[in-house]
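Working notes, structure below.
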Amino acid sequence: MELSDLQQIRLDKVERLREQGEPAYPTRARRTHTNADALALFDAAEANATLSDSGDLDTPMTLTGRMVSFRHMGKTVFAHIEDGTSRLQLYIRRDLLGEDRYADVRKLFDLGDFVQAEGTLFRTRTGEVSLRVSAVTMLAKAINAPPEKWHGLQDIETRYRQRYVDLLANDEVRRIFRVRAKAVSAIRAFLDARDYLEVETPVLQPLYGGAAARPFTTYHNALDQTFYLRIADELYLKRLLVGGLERVYEISKDFRNEGIDRNHSPEFTMLEFYEAYADYETMMDTVEAMIAHVVTTVFGRPCFTFQGNQIDVTPPWPRRTLREAIHEASGVDYTAFRSQEALQQAARAAGASIEDGMVWPRIVDELLKQFVRPHQIQPIFLTDYPVELSPLAKRKADDPTHVERFQPYIGGGEIGNAFTELNDPMDQLARFREQQEDKDAGDEEAMPLDWDYINALMYGMPPTGGVGIGIDRLAMLLTDQRTLRDVILFPAMRNLPNESANTPESGSDSAETESPAE
RNA sequence: GGGCCUCUAGCUCAACGGCAGAGCAACGGACUCUUAAUCCGCAGGUUCAGGGUUCGAAUCCCUGGGGGCCCA
């Protein structure tokens with residue numbers, strides 16, 4: 001490993017600490033308070049006027065954190081440490097610490113180091129609550145210097161490739177992922193409270209299904225068999241409904257072998273939940289209540305700002321049919337154009353960009369994307385999609401050309417997909433066969449026929465409502481981010497040239513030889 | 001897949017055909033209440049890689065690589 005001058009200087013300090021008997025990486029830390037707790041205690045004591053004559057809170061404290069600022073004033077040092085709760089200033093005086101130890105702090109401690117400091121809290125002349133330090137020790141020496149203190153880490157590529165640097169340098173990034181976690185936690189609380197059972201279904205699947213997408217393919221050596229990484233949880237979760245579990249949900253990574261852009265990641269997080277004896281109307285009730293619960297949990301009220309728009313998720317949300325929404329936005333009533341040619345002509349006449357040869361349902365989808373979707377800023381449910389777009393949804397009783405399906409839209413994008421689940425095994429078989437025809441015609445995203453799923457439906461699945469919510473897209477909304485990668489901690493990136501040795505094909509070290517246990 | 005943009009010190013950025021620079025960080029020093037502390041001094045480069053044009057290339061051209069945006 002080649003070290004830069006800056007790294008070598010810090011490594012030398014590790015050695016100097018060791019020489020004088022202080023480990024640079026001690027086995028354990030001892031803290032009596034988090035920084036936030038310590039500050040709260042001081043505020044309380046100050047409010048109750050129980051501080052000592054010197055203005056100190058006489059409770060001795062041991063605090064920990066990463067050193068994020070360091071101002072040397074001769075015989076005094078001001079430094080800030082930051083733990084997971086707060087930033088707190090250390091006030092380090094030579095006469096309190098002793099000459100030798102004070103020199104160590106000046107010479108051997110750097111920005112980025114984790115330290116542990118003992119002392120008592122007081123308020124400085126400029127009003128900042130600070131720790132009057134009586135002792136300080138190294139907890140973990142940082143060899144790499146942190147990014148620039150004022151601008152943080154700006155380089156987008158480094159922020160994604162080395163998210164740990166992004167997180168330690170940029171407060172806003174930590175905030176984003178806290179909001180995301182809080183939202184997921186609120187979803188679990190909401191569903192748990194409604195007696196939904198959280199379950200885990202296979203990531204490795206012998207046959208993929210439940211969505212229109214290309215899968216990742218892998219291989220199990222012992223079984224001598226191909227597996228696919230799941231593109232959706234849907235078909236397994238609905239098997240559980242057959243088995244008598246009436247309310248189930250799963251929050252999990254799904255994988256789709258497609259391009260990467262602002263709204264697509266090869267691995268992403270999906271919430272799916274299914275409820276027996278429900279239908280798409282009652283599931284709309286559930287979705288709007290759930291989103292309102294999540295937003296209120298995160299922000300304290302059912303409103304938030306996304307890309308400059310104030311969004312209010314208070315139920316009930318408007319519900320409009322896809323046909324109405326497209327008709328109003330584009331002037332095209334797609335039901336009046338039954339053939340691909342006629343609809344293509346009408347769509348183009350309305351100003352849509354439609355490729356030659358695009359099949360009828362895809363043209364409808366394009367009308368939705370081009371005319372309707374960008375304008376759905378406030379929450380809305382679009383309902384009743386053409387059957388061709390929805391091979392797993394149940395037909396409307398009064399219109400077999402459409403299915404009971406809805407998508408919730410917020411902030412100009414869809415955040416999910418839901419329907420009254422198709423539970424007629426023979427209709428499901430027919431839909432699979434139509435998909436098979438599309439596949440044979442070259443549609444790589446068409447669903448394969450899943451005989452075991454048909455078999456499950458033949459045992460009987462109760463009438464069921466099901467919903468899928470894209471957690472990453474929801475997180476984008478709640479954190480006001482325009483890019484999926486900004487709400488994914490470690491987004492997929494292409495190998496750098498000198499990382500190509502990571503691929504199993506190259507180099508001599510294969511997976512077998514890496515394990516010393518073998 | 002196509003178009004446009006981008007890659008310079010650890011970090012944030014200048015220089016845009018004529019000596020590769022600044023701030024922060026580092027290093028040496030002054031300073032016992034600072035807040036992006038201040039002040040003095042000093043050091044730091046495969047300008048993404050390779051090739052070409054040129055008296056001279058970070059800069060222009062070509063090829064390749066990473067990243068971003070837009071389009072498909």
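We name chains A, B, ... by the order of the sequence lines, and we start the count at 1 in each one. Just so it is clear, the structure is predicted and the values come from calculations on it, not from any experiment.
- The separation of U38(B) from U32(B), taken at their C1' atoms, amounts to 15 Å, rounded to a whole angstrom.
- A side-chain donor-acceptor contact under 3.5 Å links N144(A) and Q7(A).
- With rounding to whole Å, Q7(A) atom CD is found 16 Å from C27(B) atom C1'.
- Inspection of the R485(A) and S265(A) side chains reveals no N or O donor paired with an N or O acceptor under 3.5 Å.
- Contacts of F122(A) with the nucleic acid, taken as non-hydrogen atoms under 4.0 Å apart, include base atoms.
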Polar atom pairs between nucleotides 36-39 of chain B and protein, under 3.5 Å, N or O only, would you list them?
residue, atom, partner, partner atom, Å
A36(B), O3', K149(A), NZ, 2.9
A37(B), OP1, K149(A), NZ, 2.2
A37(B), OP2, R71(A), NH1, 3.2
A37(B), N6, H72(A), O, 3.1

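- R123(A) places a side-chain N or O within donor-acceptor distance of the main-chain N or O of G127(A), the cut-off being under 3.5 Å.
- In this structure, H402(A) has its ring center under 6.0 Å from that of Y334(A).
- If you take CG of D110(A) and C1' of C11(B), they are 15 Å apart, rounded to a whole angstrom.
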**Asked** In B/S/- notation, 5' to 3', how is nucleotides 65-72 of chain B contacted by protein heavy atoms closer than 4.0 Å?
**Response** SBSSSS-S
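- The CG atom of D37(A) lies 11.5 Å from the CG atom of L88(A); values are rounded to the nearest 0.5 Å.
- Within the 4.0 Å cut-off from OP1 or OP2 of A26(B), not a single side-chain nitrogen or oxygen of K107(A) is found.
- Within 4.0 Å of S4(A), counting heavy atoms only, lies no atom of the nucleic acid at all.
- A distance of about 23 Å separates the C1' atoms of U54(B) and C48(B), rounded to the whole Å.
- In summary, the side chains of R132(A) and T124(A) do not present any donor paired with an acceptor at a separation below 3.5 Å, with no hydrogens or angles considered.
- Side chain of K141(A) to backbone of L108(A): a donor-acceptor contact under 3.5 angstrom is found.
- Using N1 to N3 plus N6-O4 or O6-N4 for Watson-Crick, or N1-O2 and O6-N3 for G-U wobble, each under 3.5 Å, C24(B) pairs with G10(B).
- When the P atom of G10(B) is taken as reference, atom CG of L11(A) falls 17 Å away, rounded to whole Å.
- Per the geometry, OH belonging to Y91(A) stands 11 Å off P belonging to U32(B), to the nearest Å.
- Rounded to an integer number of Å, the gap from L88(A) CG to U34(B) C1' is 15 Å.
- Between F78(A) and Y91(A), the ring center distance clears the sub-6.0 Å criterion.
- As a whole-Å value, the separation of K75(A) NZ from U34(B) P is 16 Å.
- G2(B) and A37(B): their P atoms are spaced 48 Å apart (whole Å).
- Separation of the P atoms belonging to A25(B) and U35(B) is 13 Å when rounded to the nearest angstrom.
- Nucleotide G45(B) is matched to nothing when pairs are restricted to Watson-Crick or G-U wobble geometry with both distances under 3.5 angstrom.
- Base pairing analysis places U32(B) opposite nothing; no Watson-Crick or G-U wobble pair with both distances below 3.5 Å involves it.
- When rounded to the nearest whole Å, the span between CG of L168(A) and C1' of C11(B) equals 12 Å.
- Relative orientation of the H72(A) and Y102(A) rings is tilted, given thresholds of 30° and 60° on the angle between their planes.
- Between the P atoms of G68(B) and A30(B), the separation comes to 48 Å (whole Å).
- Side-chain proximity of T76(A) to U35(B), U32(B), U34(B): nearest is U32(B).
- Annotation: A26(B) and U6(B) have their P atoms spaced 33 Å apart (nearest Å).
- Straight-line distance between the C1' atoms of U47(B) and A15(B): roughly 11 Å, to the nearest whole Å.
- If you measure from atom NE2 of H80(A) to atom P of C33(B), you get 16 Å, rounded to the nearest angstrom.
- Comparing P147(A) and Q89(A), the nucleotide of RNA chain B nearest to each residue sits closer to the 5' end for P147(A).
- Put simply, the side chain of R93(A) and the base of U32(B) share a donor and an acceptor less than 3.5 Å apart.
- Taking atom C1' on both nucleotides, C31(B) is separated from G67(B) by 45 Å, rounded to a whole Å.
- Figure legend. U59(B) is base-paired to no nucleotide; pairs are counted as Watson-Crick or G-U wobble with both atom distances under 3.5 Å.
- Nearer to the 5' terminus of RNA chain B, by closest-nucleotide assignment, is the contact made by F109(A) (compared with the other of F109(A) and F78(A)).
- Exactly one of L389(A), I326(A), I363(A) qualifies for a side chain to side chain contact (heavy atoms under 4.5 Å, CB included) with L368(A). That residue is I326(A).
- At a cut-off of 3.5 angstrom, counting only N and O atoms as typed in the model, there is no donor on one side facing an acceptor on the other between the side-chain of E128(A) and the base of U34(B).
- Base pairing of U54(B): no nucleotide in any strand meets the Watson-Crick or G-U wobble criterion (both distances under 3.5 Å).
- Taking each heavy atom of R71(A) and Q89(A) in turn, the nearest pair found is NH2-OE1, 2.9 Å.
- Pairing of C69(B), defined by two Watson-Crick or G-U wobble distances under 3.5 Å, is identified with G3(B).
- In this structure, of U34(B), A25(B), C11(B), it is C11(B) that holds the atom nearest to the side chain of L153(A).
- Within 6.0 Å of atom CG in N48(A), more than 12 heavy atoms from other residues, nucleotides or ligands are found, so the atom counts as buried in its surroundings.
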